[in-house]
Each structure stands twice: as structure tokens, then as C-alpha cells.
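Below: one structure, written as C-alpha cells.
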Protein chains: 2
Amino acid sequence: MSKKTTIYDIAKALDITAATVSRALNNNPKISDTTRELVLQKAAEMNYEQNKLAQALKSGKSYNVGVIVPRVDSNFFGSVIRGIEEELNPQGYHVIICQSYEDPKTEGKKIDTLLNAQVDGVLVSTTSNSKKEPLKRILAKNIPLIFFDRRKDMQGVSSVVINDFEGAYKATKHLIDEGCTKIAHLSGNFSLEIFRERFSGYKQAIIDAGLPFNEDWVIKTKSNRTDGIEATKTLLQLNPRPDAIFSASDFAALGAIQEIRAQKLNIPQDISVVGFSNEPFTKFMELPISTIDQSPFEMGKMAAKVFLEQSNNESHVKMEKKVVLDPQLIIRNSSLKTQVLTP
Amino acid sequence: MSKKTTIYDIAKALDITAATVSRALNNNPKISDTTRELVLQKAAEMNYEQNKLAQALKSGKSYNVGVIVPRVDSNFFGSVIRGIEEELNPQGYHVIICQSYEDPKTEGKKIDTLLNAQVDGVLVSTTSNSKKEPLKRILAKNIPLIFFDRRKDMQGVSSVVINDFEGAYKATKHLIDEGCTKIAHLSGNFSLEIFRERFSGYKQAIIDAGLPFNEDWVIKTKSNRTDGIEATKTLLQLNPRPDAIFSASDFAALGAIQEIRAQKLNIPQDISVVGFSNEPFTKFMELPISTIDQSPFEMGKMAAKVFLEQSNNESHVKMEKKVVLDPQLIIRNSSLKTQVLTP
DNA sequence: CTGTTAGCGCATTCAC
DNA sequence: GTGAATGCGCTAACAG
């Protein structure tokens, strides 16, 4: 392996100084076209490649941003990350991925190692009970911190989320429009704002429609199939029995559907179901599931854009920007009584 | 914001020299326990945090590894990345994610920027026609290069893949065991080794069973639903009609199933279907799809382990390690004629 | 326009 | 054991 060539090597070869080489390479105006050409040519010839590390140390800018998500192997976060990467890479930034595994302690650790690594920004989707201290350490260093999807109430931190209230409202309203009057709700962990909001949207839609709100019809579940099944078992024993289920998660909705069918009830005739997240499988089912799309890809791009803005903002005034994306209701056969969709 | 504290700051505070501080912080044996304690305490007190960038520049080790995948928003690659991250993070490495979008040119660019960023290793799942030059540039720098899932034939490069031949063979054999004799194959892009291997495995299983191999029953498709539908339309017009379809992709298998049902044929009675990849949706379908699991998580962990080995290998002997994971056949109702599975 | 000097923060010689 | 000096590779300030 040939040792890597530095600007000194090419300076020596051209009998000029390293500073000049640097200038040529960085399109510094204070340099003659001829020497610039010379340097560029020689650089190419010698297979010169800039050591970003040295540049980073010197400039204090690493061109790395850290992204912390609970997990990367989920459709939602995968898509968000794709959006982030797609937006940041053309700007010369690299994306460092970290997983918190929903654990606040791990999250804190990852934040610290990212900080050590001198990242230029941190984008995070928080865990259900993130500690603020590590997050504050980011701010203390004047490094842009952006929340996406799951935020925490912190001054000076921008966030990109969807309007979970609105999404839930739309879903519930849709069920009401389809003639449902006894709408149950599979809710999530209330320590996460997103689930509180979805619950509120659900409740508000019911109240706005003049329907009675029934505590018994709200069941907390984890976002998985088995919890959806269990909760639905409970719901189906109720009297009167709900005629619709709005689930705050697609996976729980899937469980609901399976349980409903196991009990030989018809969807959507007997019970309509709407999920949340637009997981890929909801579209592929034989009975496609109505759901709320969170546009994760756009969320990622938007989070990246907000970071870039913040990053380029020279002034030391902390700006706090809240971007709220509009969720989209996707109506499929699991909730469509009034007409049949053509696939 | 207080300026970040360096080893000089803490040296000054203790009236010793930076070198000593560095030694204390790095558990260098040549230092007295007392001063070490003193330094550690002061460091904590002053909120000292090591600047990995400076360390990286000095040591030549960035503790960053680059991972290049066609896309990050797929279950398979998401899981692989999770495995990689899970294995590498405890060792102090950060994972930088790049997407090639299946484009060899983009792939080359990402490789170069990763190289500039001084990554300590590159793990890549190649595109269908990756150029070797950028990949060689990695090797030329003596940086470990590991292929996973999609490899390229290159000397001195380790790889972690599954045995695609075996997977396809198992799937086809299973269909034969179930009594199918006219087995069609939805194949993928032959410029990717994985699809060539799957085809070979399919063909071999048929030959080994003494069944006739029929060219017409092999159709090239992209890994998506619509291509699966189109190909299946063609297959169903054939005479004799195939009684099974082994698809090299779950998405194409899904399309096949939808088309078969659209034509009022029964699965698996009339036609059995087996996919490939164990995408999450295959399990959730009302008619769960038999498929081949590629254990992406293990693949990621293994790729990371191979990197670590290679990285710690002091000798300049290039080692080439090939890890081949065993694919697992997952039998579900789309191909199970002989008995009914309890879910 | 170009050369000189200095420093980003750290770890590693070499002395003592 | 500890201090002094040096360099990783690059860029910026200041001269000229």
C-alpha cells in the first residue's frame, strides 16, 4: 500500500507550499489560475484525497450528523432515515445511525458518544421516557438538536412531527361517516405524546359528532399483533358491542382483524377497523386495512432540512421551529361499508 | 456556551502537563495511581470529553465504519443494519449509512466519500453491476472491505451471504414433496449472483427429483407485486398449467397469489406458492406465504464480526473469509397441502 | 498572489 | 513517573 498523499507531498512535487495547495484545492480566490491548474492536475495525478478528519479537526465541523431512533429495522424509521440521508448526503453530510432500543439510558449513552465524535447535529426520535440531561448536553454545546416523530418539550429544540391528533380525528370521523356509532380505540403508551394525541383526536371526533364517549371502549395495548388480539377479545364481549375499532397502531389493528374473523364476524359489515402508520402489510392484505399515512420519508427530509437551516444560521439566537406534517387517511376495505373500492 | 475543555485545560488546573493527563485518561501504565486519580477526578469535574476527531487524526483510526446498501427502507437491509450496529457499537464503532439506490455510479461516489472520511472499514451489499474500481480503492488503502448478501468476486474480500442455492433448493424440494410436479419459477435479475443461485437451486431440485425442467416456466421479474402479477398471467395461460410457483422474491409471490385468486384458483390446492425473504407481510396474510428466511439480523452481526476480526488482524496478510449462512424454509399455508398448520 | 507561522486536540516519542 | 517536543493533515492569519 502506498502511503496516502497529503498536500505536503503535492506541494513538494510542485516546489510550492502546502498553503498554496490548500488554497488551490479549496477554490480560494487568492490564487492564480495557472498554479491552481497545476495543483489540481498534480493532485489528480498523485491520487490525492482530502482527509476530512484533519479538516474537521481544524474547522470544528465534522460533516457528520447523528440520528438516534428506537430501532432501525422498522418500516417507519427506515423510511425516515432514508429521507434524512437523501437530503443530507448531497450537502456533504454523513449520517451516523444509533439505536436506543427504547431505553433512555442507552439513548443517553449514544448521545454522549455522538458528541465525542463531534457530530454537527443530532436528530432524535425519543424513547417513551427520555431523560433530558443528555439532550441538554447537546444544546449546551450549541449543536442543533432536532426531534422527529417523537418529541420532548424542550425550549430551543425544533421538531418535525405529524399531527397525530388530526390523524386520529380523521380516522375516527371517517368511521362515523361510514355509519359507525360505537367506536372503540386501541391506544398506545401514554407516556409518548403521539399516543396521547391520537387518543385525544379520537375522543374529540366522537364528541364533535355528538356520540357518547365510552371509557370501556379504550384499551391500552402495545403496538403488536398479540396485544391487539387480546384487547379485541375483551371488546367483543362488551354489551353493546363496538361496531368499529380505531387502533393507534397497524399491528394491533391486524390482531383485531384476526380476532374479529376468528369469531366469525364480518369486516367491515359487523365491525370496521382502521389502523395507524400505513405499514406496508396493510396494503397487501386480502382485506386491505384502512390506516393513517405518516409520510415518514417526507418527515426525514424535513427534519434534515430543519437541521441544515439551523446549522447555517450563523447567529447564536436559538431558533425553535415546529413543523407539523399533515397525516393522510387511506381508506381501504377494512372500513368501507358504503361502496366497494376498485383495487 | 462554555468552550469545550481539553486535556490542556485540565493539565493547567492541576499544574501538570497535557501528556500526563493523556496518559492518565488512557490507562497508560507509566503513571502513578495518585495522579491518575487526580486527573480522572478533575476531568469529571470539568466535564471533560475526549475529542475523538483529534484522536482519530493522531491514531489514524476513526472508529467509523461505512455501510452501503441499495436502500435502507427495506425490512431486509434494515435488519442487517440493526445487526451491524448492535455488534459494532459496543466495540466503540459508529456506523455511517449510505444508500446506493442500486446505482453503481452512486455507489462509487459513496465509497470515495467514506474513504475521505477515513472510515476504518466498509461493509457493502453491492448493486447489480457494481464497478470494481471504487471497491479496489478501498483495498488499496488496506481498509477491510466486507460484502454481505450481494457479493462480487474479488480477491481478498470477505463476504457474508446466505446459501441462496440451498434456499431455492429447499423451497423447490418442499413443493415437490407436497406433490407438485410442474413448478414454475419467478426469477430475478441475473446480473445479481443471488438470483442466479436461486435459479440454479430451483433447477437442481427439479432435476434431482427426476422431473422435467421446462424453460417456459421460468420468468424473469423484478421484485415487486405488479411484475409478479404479470408473470403469473403468462404462467396461468400455459398448457399444461404449472401447479406451483417458486418466486425468488416475496413481493412477486404476493402478486402471483393475487393473480391466482383473481382467476378463482385455489391456493395451495390448485397452485402452491413459495416466496423468498420472509418479508414481514408474508406472515400476516390471511393466507400466510411460505418463504425462505435469510436471517438478516444474523447476517449483519456476522458481517460486523468479520470486520472486527479483519480489523484486529495486525498482520498485513490479506485474509479472505467466506461465511455462508444457512437459509431456513418457513412452511406456511400457501404451500401446505398435506396437513393444516395450527397458527 | 504566495510563503511563513501557527494551531485544531491528542498521543507518542524521547529525555530526565 | 513526568515533562518537553513533535506530528497527524489541514486551513487561516498575517506578511510580503
Side-chain angles (χ1 to χ4, degrees), chain A residues 1-40 42-43 46-64 92 115-120 141-142, chain B residues 2-40 42-43 46-64 92 113 115-120 141-142:
Chain A
M1 173 186 79
S2 55
K3 201 133 178 43
K4 68 189 86 174
T5 84
T6 75
I7 52 172
Y8 279 93
D9 300 327
I10 121 151
K12 201 178 299 174
L14 254 39
D15 200 29
I16 53 177
T17 186
T20 310
V21 176
S22 172
R23 281 188 274 255
L25 259 24
N26 291 296
N27 282 324
N28 189 311
K30 303 174 122 197
I31 197 168
S32 72
D33 289 353
T34 49
T35 43
R36 189 208 313 284
E37 280 311 311
L38 227 55
V39 169
L40 258 38
K42 200 72 184 175
M46 297 177 76
N47 282 316
Y48 169 76
E49 286 158 25
Q50 190 186 46
N51 184 333
K52 294 270 179 196
L53 236 48
Q55 192 187 22
L57 178 60
K58 174 71 183 167
S59 68
K61 228 185 149 178
S62 68
Y63 277 97
N64 282 151
L115 252 22
N116 285 166
Q118 310 296 123
V119 291
D120 295 341
K141 298 199 161 200
N142 233 324
Chain B
S2 56
K3 203 141 173 38
K4 68 190 87 174
T5 86
T6 74
I7 52 172
Y8 281 93
D9 300 326
I10 121 151
K12 203 177 297 174
L14 253 39
D15 200 31
I16 54 176
T17 185
T20 309
V21 176
S22 170
R23 281 188 274 256
L25 259 24
N26 291 294
N27 280 324
N28 189 311
K30 300 178 123 195
I31 197 169
S32 73
D33 289 353
T34 48
T35 42
R36 190 208 314 284
E37 280 311 311
L38 226 55
V39 169
L40 258 37
K42 199 74 183 174
M46 298 178 75
N47 283 318
Y48 169 76
E49 287 158 24
Q50 190 187 45
N51 184 331
K52 293 273 180 195
L53 237 48
Q55 191 187 26
L57 180 60
K58 176 71 183 165
S59 68
K61 229 184 149 178
S62 68
Y63 277 96
N64 282 151
T113 81
L115 253 21
N116 285 166
Q118 310 297 120
V119 292
D120 294 341
K141 298 198 159 198
N142 234 323

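Below, chain A is the first sequence line, B the second, and so on; all start at residue 1.
dG9(C) atom C1' lies 10 Å from atom CD of Gln50(B), rounded to whole Å. When the P atom of dG7(D) is taken as reference, atom OH of Tyr8(A) falls 10 Å away, rounded to whole Å. Remark: C1' of dA11(C) and CG of Asn51(B) are 13 Å apart, rounded to the nearest angstrom. The CD1 atom of Ile7(A) sits 16 Å away from the P atom of dT5(C) (whole-angstrom rounding). At whole-Å resolution of the value, CG in Asn27(B) and C1' in dG1(D) are 16 Å apart. Between Gln55(A) atom CD and dC8(C) atom C1' the separation is 12 Å, expressed in whole Å. Across the protein-nucleic acid pair, Leu57(B) atom CG and dA11(C) atom C1' stand 11 Å apart, rounded to whole Å. Summarising the geometry, the separation between CG on Leu115(B) and P on dG9(D) is reported as 15 Å, rounded to the nearest angstrom.
Residue Asn26(A) is in sugar-phosphate contact alone, with no base atom involved, counting any heavy-atom pair closer than 4.0 Å across all strands shown. Using a 4.0 Å heavy-atom criterion, one finds that Ser32(A) contacts the sugar-phosphate atoms exclusively. Within the 4.0 angstrom heavy-atom criterion, only backbone atoms of the sugar-phosphate kind lie near Ile31(A); the bases stay farther away. Residue Ser22(B) is classed as a base contact, given a heavy-atom separation below 4.0 Å to a base. As judged by a 4.0 angstrom heavy-atom cut-off over every strand, Thr17(A) is placed among the base-contacting residues.
Under the 4.5 Å side-chain criterion, counting only non-hydrogen atoms from C-beta, Ile16(A) is not in contact with Leu38(A). Residues Asn116(B) and Leu53(A) are not in side-chain contact: their nearest non-hydrogen atoms beyond the backbone lie 4.5 Å or more apart. With a 4.5 Å cut-off on side-chain heavy atoms, Asn47(B) and Thr5(B) do not count as touching. Residues Gln118(B) and Asn51(A) meet the side-chain proximity criterion, which asks for heavy atoms closer than 4.5 Å. Counting only heavy atoms from C-beta outward, the side chains of Leu115(B) and Lys141(B) approach each other to under 4.5 Å.
You won't find any donor-acceptor pair under 3.5 Å spanning the side chain of Arg36(B) and the base of dG1(D), going by distance alone.
Looking only at distances, no side-chain donor or acceptor of Asn64(B) sits under 3.5 Å from a matching main-chain atom of Val119(B). A donor-acceptor pair under 3.5 Å is absent between the side-chain atoms of Asn26(A) and the main chain of Asn28(A), judged by distance alone. With hydrogens and angles disregarded, a donor-acceptor distance shorter than 3.5 Å links the side chain of Ser32(B) to the backbone of Thr35(B).
Listed nucleotides dG1(D), dG3(C), dC8(C) differ in distance to Lys58(A); the shortest reach to its side chain belongs to dC8(C). In the set dT6(D), dG3(C), dT2(D), dG3(C) carries the atom at the smallest distance from any side-chain atom of Thr20(A). Each of dT2(D), dA6(C), dT2(C) was ranked by its minimum atom distance to the side chain of Thr35(A); first place goes to dT2(C).
Across Ala11(A) and Thr17(A), no two heavy atoms sit closer than the pair CB-C, 3.7 Å.
The stretch residues 9-16 of chain A has no heavy atom under 4.0 Å from DNA chain D, so no residue of it qualifies as close.
Each of Arg23(A) and Tyr48(A) was assigned the nucleotide of DNA chain D with the nearest heavy atom; the assignment lying further toward the 5' end belongs to Tyr48(A). Projected onto DNA chain C by closest heavy-atom contact, Pro29(A) and Ala19(A) fall at different nucleotides, the more 5' of which corresponds to Pro29(A).
Taking 4.0 Å as the cut-off between side-chain N and carboxylate O, Lys12(A) and Asp9(A) do not count as a salt-bridged pair.
Five base pairs at each end of the helix from dC1(C)-dG16(D) to dC16(C)-dG1(D) define two local axes, and these are offset by 40° (rounded to 10°).
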